[in-house]
Number of protein chains: 2
Amino acid sequence: MASTRHALRLAAQSRHTAARLAGTKRGTSSNFFTFSANSTARRGFTSSPSSLASSVTPATSIAAAVAGLALGGGLLAYNMAVEEPIRCDTPTLAERDEQTRRDNNGTINEQSPMRLRMEKFIKEQQQAIIKGLAEIENSGGVATAGGAVEGQSDRPARTFRQDEWLRKEGGGGITCVMQDGVVFEKAGVGVSVVYGKLPKAGILRMRANHRNLGGAGSDADLPESLEFFAAGLSLVVHPRNPMAPTVHLNYRYFETANPDGTPSGADGTGVWWFGGGADLTPSYLFDEDAIHFHRTLKDVCDRHSKSYWPRFKKWCDEYFYNKHRFESRGVGGIFFDDLDEASGGAPGEGPADKESLFSFVQDGLRAFLPSYAPIIVRRKDMPFTDAEKEWQQIRRGRYVEFNLVHDRGTAFGLNTPGPRVESILMSLPLTASWKYMYEPAPKSREQRLLDVLRNPREWV
Amino acid sequence: MASTRHALRLAAQSRHTAARLAGTKRGTSSNFFTFSANSTARRGFTSSPSSLASSVTPATSIAAAVAGLALGGGLLAYNMAVEEPIRCDTPTLAERDEQTRRDNNGTINEQSPMRLRMEKFIKEQQQAIIKGLAEIENSGGVATAGGAVEGQSDRPARTFRQDEWLRKEGGGGITCVMQDGVVFEKAGVGVSVVYGKLPKAGILRMRANHRNLGGAGSDADLPESLEFFAAGLSLVVHPRNPMAPTVHLNYRYFETANPDGTPSGADGTGVWWFGGGADLTPSYLFDEDAIHFHRTLKDVCDRHSKSYWPRFKKWCDEYFYNKHRFESRGVGGIFFDDLDEASGGAPGEGPADKESLFSFVQDGLRAFLPSYAPIIVRRKDMPFTDAEKEWQQIRRGRYVEFNLVHDRGTAFGLNTPGPRVESILMSLPLTASWKYMYEPAPKSREQRLLDVLRNPREWV
């Protein structure tokens with residue numbers, strides 16, 4: 001055991017460990033790492049711990065952190081990773097994973113730790129999704145205001161810009177964005193993988209949802225810190241055509257470990273959970289789109305537990321609620337968090353294990369293109385008027401309001417010192433509008449959307 | 001005394017007291033009152049006290065409340081006015097002011113309570129400002145992208161839309177907006193006047209900055225509640241031409257009273273304070289504009305106390321800092337809060353009295369048109385390119401980020417049940433843009449602005 005630790009320690013001593021952790025392609029990553037690192041140093045004005053960061057309530061702080069995390073990098077930094085890694089003789093979780101990769105020549109399989117499996121899976125899915133979206137972007141003509149359809153055969157094929165970035169503390173991410181396309185005004189698909197240290201205060205907060213965290217004893221017996229790992233994929237797609245809906249998706253995995261990298265928790269099996277979901281935000285409502293989207297997600301849920309759809313659909317309606325406007329952000333979908341053995345099952349189904357929950361998350365993520373592609377394909381070339389485009393812009397303003405005012409992950413991230421802001425805010429639309437006291441005409445299609453947003457419907 | 005109270009009580013029993021409190025013109029007010037009242041009732045989903053609301057730190061909660069207040073109505077509701085007015089034999093502050101108005105046939109003079117004087121003053125200034133801005137809007141040709149100047153002699157003169165609205169709990173406001181003009185893309189000038197009840201928890205928070213509040217005794221001796229009054233004027237102007245800067249201004253007055261409407265505080269002289277300021281946000285930097293704006297504000301400050309300019313300029317730079325971007329919102333101006341006898345003076349100047357502080361606030365507000373009109377007049381007709389308009393849109397996106405993420409007043413307001421959202425968010429631009437990883441060219445005019453935003457300058 002001692003010699004194994006020594007070997008791991010040696011491996012970890014390389015000054016480039018953090019860089020290697022991020023995996024494969026480099027691309028422009030060094031630039032963006034510089035960007036991120038510089039941004040914290042640029043000005044000493046971080047003032048008090050931000051009011052937004054401190055506003056996260058105990059029961060939701062980790063949900064917020066991980067939700068934010070999945071959109072960007074460094075988002076857990078404020079509460080969990082402000083301290084430098086302790087240099088001692090036990091390898092950290094990041095160092096252990098690095099060693100595992102080396103021992104297996106980079107091969108990840110079902111025997112690998114869930115951390116590496118989740119990272120591999122979301123990176124594969126990221127590539128599949130941007131490939132699928134790019135195919136739609138390059139698939140033919142596109143409508144413009146006034147109803148004319150412009151050909152695009154003479155345009156060069158568009159692809160996603162892929163930026164890889166690293167975190168000083170371990171891990172990093174890949175942010176893929178396609179902007180100003182003919183089909184997609186802005187589409188962002190981001191992966192982030194974060195290793196960090198969770199201080200005692202963070203452990204205490206997380207115990208609200210995970211009693212096993214830090215051991216079964218009382219709060220007084222908690223360790224001073226735990227290692228943590230978090231990985232997620234997050235995407236937001238804003239199409240150009242106002243008849244086509246915006247879509248958002250996020251799936252994430254979180255795990256903690258003892259300070260020496262061994263599994264944490266009372267029974268030594270580790271403490272971990274999954275979170276995720278997807279939701280649809282139309283400017284113009286087509287019932288068949290909402291039904292298709294919900295039907296696809298319900299099928300995924302039902303394959304894993306009959307309890308999921310009713311729980312996660314309701315959770316989504318409650319979470320994506322723009323409460324200062326008294327309206328939902330969109331027509332919903334699913335949302336869940338803190339899904340572990342205890343909460344992953346349902347009455348009569350027994351506890352859920354990690355494999356079955358990973359399988360559920362995989363199914364959910366794989367269902368993205370089937371849930372959304374048919375909708376965008378049938379809407380992208382529809383004619384529309386300037387007034388309809390304007391209504392879309394106003395709805396985009398509401399989307400911005402939700403993301404900047406109410407979304408816990410975004411707020412938490414932006415108020416963290418040194419976040420990768422561009423990755424967090426890739427969720428914002430290319431353009432948005434605010435008109436004072438704008439009211440749709442009674443009985444208009446615009447008013448019909450508002451009616452549904454104010455009274456969420458059961459679509460399937 | 002008993003008969004006076006009885007008379008006041010009778011006056012207050014009218015079911016229309018609240019409506020009459022708002023003063024003069026009715027206009028469309030009843031519609032907007034309905035809007036505001038309905039919005040709270042429309043859905044029972046207010047969930048937990050919002051994370052943003054609870055994030056306001058003790059020392060700043062009232063600053064936040066009053067800053068938000070001045071932009072809209074009902075913003076103090078969550079922390080201070082959630083309870084219905086107590087129906088007892090002592091008249092409230094609102095009822096006393098109503099009676100004072102009746103006794104004097106509506107005449108407000110230097111002997112009137114500061115509440116009524118401040119309300120009168122900001123309503124007069126609101127009219128003067130919208131008149132001044134409308135004159136500029138209607139004053140001639142205007143540049144368009146490409147440099148052409150379109151005449152507007154055949155356009156009908158444009159005016160501000162004026163919406164008057166009421167608060168169920170007492171008071172109300174007037175929101176004036178001009179939108180989609182040739183000079184002004186969006187200009188909002190709002191007045192709000194709020195009477196409410198400050199519960200014990202609110203008193204405790206406010207004592208951090210105002211020890212006299214609720215009496216000189218210990219926290220245990222505090223009354224269960226106090227009456228409060230708050231009034232403010234707030235404005236944001238977003239011009240169309242990217243060479244013309246956005247401007248923001250806010251001045252406000254706050255006062256508390258005992259539950260029977262008599263002056264609160266240990267010595268019975270009342271507890272009150274002023275807050276305010278103005279700041280300039282260019283997309284393209286013209287040194288002469290920044291110098292003129294700062295010079296005008298410095299002159300106002302210097303006339304009242306040599307200590308004001310250095311304090312309030314610094315306070316502004318610190319407050320209007322978009323910390324997730326590591327840049328200032330604009331080129332600054334002045335910002336102050338909690339200005340009372342104790343904090344209003346300076347070493348060697350002795351304590352400030354209410355009259356001198358009101359005089360300072362009056363000077364500050366009257367300086368708005370002189371500080372801004374010359375700038376807009378010389379920029380409104382400048383030629384500009386599409387690329388310059390696009391840069392303006394990106395800067396507008398940063399403005400939206402500051403207002404929705406960091407501005408305490410906006411956040412507090414939006415997370416309050418039943419606010420008048422449209423009045424709070426009149427500060428948002430008509431249009432804004434977010435481009436992923438947008439970077440100006442080195443040494444460009446755009447980059448020069450960023451350099452100044454990252455290293456605030458002394459302009460005078």
Side-chain angles (χ1 to χ4, degrees), chain A residues 32 35 39-40 42-43 45-48 50-57 60 64 161 163 175 177 179-180 186 188 318 321 323-327 393 397 400-401 403-406 408 410-411 413-417 419 421-422 424-426 428-438 454-455, chain B residues 32 38-40 42-43 45-48 50-57 60 64 161 163 175 177 179-180 186 188 318 321 323-327 393 397 400-401 403-406 408 410-411 413-417 419 421-422 424-426 428-438 454-455:
Chain A
F32 296 112
F35 169 86
S39 64
T40 40
R42 201 168 286 147
R43 180 163 168 164
F45 186 101
T46 52
S47 71
S48 56
S50 109
S51 55
L52 277 162
S54 61
S55 78
V56 179
T57 56
T60 58
R161 166 178 176 171
D163 291 329
T175 303
V177 174
Q179 193 166 264
D180 215 6
K186 193 165 169 191
E318 288 171 359
Y321 184 67
K323 63 180 183 291
H324 66 274
R325 294 288 191 178
F326 301 93
E327 63 187 36
Q393 295 300 295
V400 171
E401 286 176 27
N403 285 17
L404 295 184
V405 177
H406 298 298
R408 296 191 301 246
T410 304
L414 291 184
N415 283 280
T416 297
V421 174
E422 291 293 328
I424 303 165
L425 297 185
M426 77 175 190
L428 299 181
L430 191 62
T431 55
S433 178
W434 285 268
K435 283 189 179 263
Y436 177 71
M437 295 298 288
Y438 185 88
R454 285 165 187 167
N455 298 288
Chain B
F32 296 112
N38 276 353
S39 64
T40 41
R42 201 169 285 146
R43 179 162 168 165
F45 185 102
T46 52
S47 71
S48 56
S50 109
S51 55
L52 278 162
S54 61
S55 79
V56 179
T57 56
T60 59
R161 166 178 176 172
D163 291 328
T175 303
V177 174
Q179 192 167 262
D180 215 6
K186 194 165 170 190
E318 287 171 358
Y321 184 68
K323 62 180 183 292
H324 66 273
R325 295 287 191 178
F326 301 93
E327 63 186 37
Q393 294 300 294
V400 171
E401 286 175 27
N403 285 17
L404 295 183
V405 176
H406 299 298
R408 296 191 302 247
T410 305
L414 291 184
N415 282 280
T416 297
V421 175
E422 290 292 328
I424 303 165
L425 296 185
M426 76 175 190
L428 298 182
L430 192 63
T431 56
S433 178
W434 285 267
K435 284 189 179 262
Y436 177 71
M437 296 298 289
Y438 184 88
R454 285 166 187 166
N455 298 289

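Per chain, numbering begins at 1; letters A, B, ... match sequence-line order. Small disclaimer: the values here were computed from a predicted structure and weren't measured.
Partner of B/E327 under the side chain to side chain contact (heavy atoms under 4.5 Å, CB included) criterion, out of B/K323, B/H324, B/R325: B/R325 alone.
For B/K186, the part lying under 4.5 angstrom from a heavy atom of chain A is the side chain only. Contact annotation for B/Q393: neither backbone nor side-chain heavy atoms come within less than 4.5 Å of a heavy atom of chain A.
Annotation for A/Y436 and B/Q179: closest pair N-OE1, 2.6 Å, computed over non-hydrogen atoms.
Between the side chain of B/E422 and the backbone N or O of A/M437, at least one donor-acceptor pair lies under 3.5 Å. Checked by atom type and distance alone, the side chain of B/S433 never pairs as donor or acceptor with a backbone atom of A/T431 at under 3.5 Å.
Heavy-atom pairs under 4.5 Å with chain A peak, among B/V177, B/L430, B/V400, B/D180, at B/L430.
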